[in-house]
Amino acid sequence: MMIDVMKEDNTCVLHPQGWIDSANSAELEGAVMSNAAECEKIILDLADVDYISSAGLRVIVAAHREMEKKQGLIIRNMKGSVHDIISLTGFDKKLNIEK
């Protein structure tokens with residue numbers, strides 16, 4: 001999985017591409033946690049994510065918990081299939097999701 005990272009002031013934008021599943025969720029988790037140390041806010045741009053498994057959801061929930069101590073985690077640009085999975089779990093009511 002490719003993950004582009006852009007940093008501006010205290011905000012990090014992570015832009016993963018492809019699938020987020022058990023085969024590569026640790027890579028996303030590592031990117032989130034390493035950037036959480038130096039960023040007050042993380043934006044997870046899912047525009048190029050076609051699928052997310054339960055392993056990917058676990059990473060997002062862990063990132064949300066980590067960033068609650070700061071300015072937070074924002075999820076944006078979800079495709080319909082990814083949004084459906086997040087909605088099905090009820091996480092859409094707990095996460096900060098931008099349209």
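The first residue in the sequence is number 1, and the count goes up from there.
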By side-chain contact (heavy atoms from CB on, under 4.5 Å) - contacts of Asp84 (at least two apart): none
Heavy-atom side-chain proximity of Lys7 to Val5 below 4.5 angstrom: yes
Met33 atom CE, neighbour heavy-atom count above 12 within 6.0 Å: yes
Backbone of Asp21 reached by a side-chain donor or acceptor of Asn24 within 3.5 Å: yes
Verdict with supporting geometry, Ile75 and Asp45, side-chain contact (heavy atoms from CB on, under 4.5 Å): CA-CA 6 Å; Ile75 300 171; Asp45 186 336; over 6 Å; no
Side-chain donor-acceptor distances from residues 65-74 under 3.5 Å, at least two apart:
from  : atom 1 : to    : atom 2 : distance (Å)
Glu68 : OE2    : His64 : NE2    : 3.4
Lys70 : NZ     : Ala36 : O      : 2.4
Lys70 : NZ     : Cys39 : O      : 3.3

Joint hydrophobic cluster, Met6 plus Leu44, side-chain heavy atoms closer than 4.5 Å: no
Where at least one partner belongs to residues 73-83, residue pairs that pass salt bridge (charged side-chain N to carboxylate O under 4.0 Å, His left out), sequence neighbours excluded: Asp50-Lys79, Arg76-Glu98
Identify all side-chain donor-acceptor contacts of residues 10-19 below 3.5 Å with residues at least two apart in sequence or on another chain.
from  : atom 1 : to    : atom 2 : distance (Å)
His15 : NE2    : Asp48 : OD2    : 2.6
Gln17 : NE2    : Asp4  : OD2    : 3.0

All side-chain contact (heavy atoms from CB on, under 4.5 Å) counterparts of Ala55, not counting sequence neighbours: Ser22, Ser25, Ser53
Co-membership, hydrophobic cluster, residues Ile52 and Ile43, 4.5 Å side-chain: no
Note, Leu57 side chain near Ile20 side chain (heavy atom, < 4.5 Å): no
Pair listing, ring-ring contact (aromatic ring centres under 6.0 Å, His included) test, anchored in residues 66-99, at least two apart: none
Spatial distance of atom CD1 (Ile97) from atom CG (Asn77) [nearest 0.5 Å]: 12.0 Å
